[in-house]
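Working notes for the structure below.
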Amino acid sequence: MKKLFLSALLSASAFVANAQNPVVQTCFTTDPAPMVSGDRLYVYTGHDENDADFFWMQEWRVYSTADMVNWTDHGSPLAIEDFSWGDDRAWAPQCVERNGKFYFYVPLHSKLSGGMAIGVAVGDSPTGPFKDALGKPLYENGSWDHIDPTAFIDDDGQAYIMWGNPKVYYAKLNEDMISFASEVQTMDMTDTSVFGEMTVKDKDGKETKRGMYMEGPWFFKRDKYYYLMYAGGGMPEHILYARSKKPLTGYKFMGDVMPKCDTNSFTNHAGIAHFKGHDYFFYHTGKLPKGGGFGRSVSVEEFKWNADGTIPTIMPTDEGVKPIGTLCPFKRVEAETMAFSKGLKTEECAANGVYVTDVHNGDYIKLQAVDLGEAKYSDLVFSASSGLRGGTIEMHADSIGGTLIAELPVTNTFGWEVFRTFSAPVKQAVGGIHDMYFVFKGRKGPKLFNLDWWMLR
């Protein structure tokens with residue numbers, strides 16, 4: 001039986017040996033909006049509920065990384081309940097930093113107008129907490145068009161916002177980022193020089209031509225060009241873009257960024273970020289187990305701009321991106337920092353913040369590019385809790401069945417949120433930079449324990 005168990009783990013190890021996508025495995029994440037602040041890249045996402053049959057989304061979530069492979073879950077700093085005027089559909093967000101404040105633009109259904117509306121929350125840090133900045137929508141008029149806001153601050157300090165399905169709405173923002181400096185206008189969606197051309201059929205089979213824009217605009221500037229990237233082209237959606245030398249006019253259709261391909265999701269939603277000298281394209285797929293069109297997950301690819309400022313064709317991969325830094329294990333590492341995981345979830349509590357839960361026999365956490373230095377450590381330390389019998393944490397280098405660095409027993413702490421610090425001596429210290437696996441073992445069936453943080457010392 002033990003050999004069969006090890007064989008199953010090794011098979012799983014082979015599957016994830018090079019996998020980085022989707023970047024979050026503990027829940028479904030949608031509509032990625034990357035933002036760089038300081039030495040970290042943050043991604044703001046929606047959250048598809050399990051077993052959903054529509055876009056039943058109740059909250060927004062935040063994840064961050066310093067090395068592009070190990071992602072820390074910051075939980076949900078904003079939800080529908082934070083907007084007294086909203087009652088449903090926490091759809092695609094974006095967060096923008098200005099003057100030390102963080103402005104979180106979101107769409108949700110409005111109790112006031114009965115349509116979708118654009119709201120804005122504000123916080124003092126990229127992970128919140130956030131609060132409704134206005135106590136009312138930033139914009140609504142009873143239409144269902146008002147989804148997927150994207151905001152951008154130009155080099156001269158002028159801020160802009162765009163949103164919409166099936167048309168693009170746009171306006172200038174004041175420096176306060178919560179009021180308009182211009183009238184809200186719409187682009188000409190029939191202009192195929194801006195949005196390309198596709199043929200659609202009405203219910204009677206009559207064909208008409210229209211632009212390919214559908215939803216999910218992403219507005220940004222690079223060098224001398226402004227870019228409007230979006231999801232469109234019919235179902236399944238693909239990612240296209242236009243560009244201009246002016247922020248709001250003069251756009252020319254440029255073609256595909258991510259063509260139609262097998263993502264197991266009929267929608268897509270993209271964002272681009274430049275981080276530590278690298279360029280990244282974020283999107284979502286339905287590739288997690290039980291995923292699909294209403295169970296989507298954020299993925300990322302690195303790309304290089306073409307010399308003429310055009311965006312290359314980017315295809316989805318399971319491998320994702322390579323690390324651009326290392327993880328230090330000799331100071332507190334949040335357990336919810338992961339490169340890949342199997343079978344786990346995260347939860348939050350007032351005392352401990354976000355922690356890892358739903359840990360069962362055979363589950364694991366993978367971390368990439370962990371710098372173990374000169375192997376001068378003697379103990380593995382974990383903050384953990386258990387309301388039952390607990391279990392064991394094995395620390396392996398390079399693979400699930402790799403060198404066993406330490407084996408740490410976790411016993412009953414008499415409460416699932418009663419965390420204790422456990423430690424165990426290192427069996428075999430390994431130096432240098434390695435991928436690392438925490439493999440969890442114990443009684444088959446019940447949950448074993450929760451995990452808050454860990455370190456080597």
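Residues take their numbers from the sequence shown, with the count starting at 1.
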For side-chain contact (heavy atoms from CB on, under 4.5 Å), just list the numbers for Gln58 and Asp88, CA-CA rounded to whole Å, side-chain angles, deciding distance to a tenth of an Å, and then say yes or no.
-> CA-CA 7 Å; Gln58 306 298 314; Asp88 198 5; 4.0 Å; yes
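- Every ring pair (Phe, Tyr, Trp, His ring centres under 6.0 Å) that Phe294 has, sequence neighbours left out, goes to Phe55, Phe266.
- Counting heavy atoms from C-beta on, the side chains of Leu78 and Glu59 never come closer than 4.5 Å.
- Note on ring orientation: taking the six-membered ring where Trp is involved, the planes of His74 and Tyr42 are tilted (angle from 30° to 60°).
- With a 4.5 Å cut-off on side-chain heavy atoms, Tyr241 and Ile272 do not count as touching.
- Within the 4.5 Å cutoff, the side chain of Thr413 has no heavy atoms near those of the Phe419 side chain.
- Ring geometry for Tyr437 against Tyr364 counts as tilted: the plane angle lies between 30° and 60°, on a 0 to 90° scale.
- Salt bridge absent: Asp51 and Lys290 never bring a charged side-chain N and a carboxylate O closer than 4.0 Å.
- Counting only heavy atoms from C-beta outward, the side chains of Leu380 and Phe438 approach each other to under 4.5 Å.
- Ser385 approaches Gly415 most closely through the heavy-atom pair CB-O, 3.6 Å.
- Here Ser423 contributes atom OG and Leu456 contributes atom CG; the two are 11.5 Å apart, rounded to the nearest 0.5 Å.
- No more than 12 heavy atoms of other residues, nucleotides or ligands shown are found within 6.0 angstrom of CZ on Arg389.
- Side-chain contact check for Lys276 versus Leu41: every heavy-atom pair is 4.5 Å or farther apart.
- Annotation: side chain of Met338 is not in contact with side chain of Asn70 (no heavy-atom distance under 4.5 Å).
- Thr346 and Asp73 form a side-chain donor-acceptor contact under 3.5 Å, judged by distance and modelled atom types alone.
- Looking at Trp416 and Ser386, their side chains come closer than 4.5 Å, going by heavy atoms from C-beta outward.
- Counting non-hydrogen atoms of other residues, nucleotides and ligands closer than 6.0 Å to NZ of Lys245 gives a total of 12 or fewer.
- Under the ring pair (Phe, Tyr, Trp, His ring centres under 6.0 Å) criterion, Phe130 pairs with Phe104, sequence neighbours left out.
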Less than 3.5 Å apart, which donor and acceptor atoms pair up between the side chains of residues 347-354 and the rest of the protein, not counting sequence neighbours?
| residue | atom | partner | partner atom | Å |
| --- | --- | --- | --- | --- |
| Glu347 | OE1 | Tyr355 | OH | 3.1 |
| Glu348 | OE2 | Ser76 | N | 3.0 |
| Asn352 | ND2 | Asp452 | OD2 | 3.2 |

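- Scored by the ring pair (Phe, Tyr, Trp, His ring centres under 6.0 Å) test, Tyr225 finds no partners at all (sequence neighbours excluded).
- Neither side chain, Glu334 nor Thr72, offers a donor N or O lying under 3.5 Å from an acceptor on the other.
- No donor-acceptor contact under 3.5 angstrom links the side chains of Ser265 and Thr263, judged on distance only.
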Show your working on side-chain contact (heavy atoms from CB on, under 4.5 Å) between Thr411 and Phe422 and close with a plain yes or no.
-> CA-CA 9 Å; Thr411 58; Phe422 296 87; 3.4 Å; yes
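- Annotation: side chain of Thr267 is in contact with side chain of His284 (closest heavy-atom distance under 4.5 Å).
- In summary, Glu302 and Lys322 do not engage in a salt bridge, as defined by a charged side-chain N under 4.0 Å from a carboxylate O.
- You'll find the ring centres of Tyr227 and Phe220 inside the 6.0 Å limit.
- With 3.5 Å as the limit, one finds no donor-acceptor pair spanning the side chains of Gln368 and Asp67.
- Partners of Thr310 according to the side chain to side chain donor-acceptor pair (under 3.5 Å) rule, which considers only residues two or more places apart in sequence or in another chain, are Asn306, Asp308.
- Around atom CZ of Arg443, no more than 12 heavy atoms belonging to other residues, nucleotides or ligands sit under 6.0 Å away.
- Here the options are Val43, Val24, Leu288, the test is side chain to side chain contact (heavy atoms under 4.5 Å, CB included), and the partner is Thr29; only Val24 passes.
- The ring pair (Phe, Tyr, Trp, His ring centres under 6.0 Å) check on Tyr283 picks up Phe281, with sequence neighbours excluded.
- Inspection of the Asp148 and Tyr230 side chains reveals no N or O donor paired with an N or O acceptor under 3.5 Å.
- Using cut-offs of 30° and 60° on the angle between ring planes, the pair Tyr377 and Phe330 is tilted.
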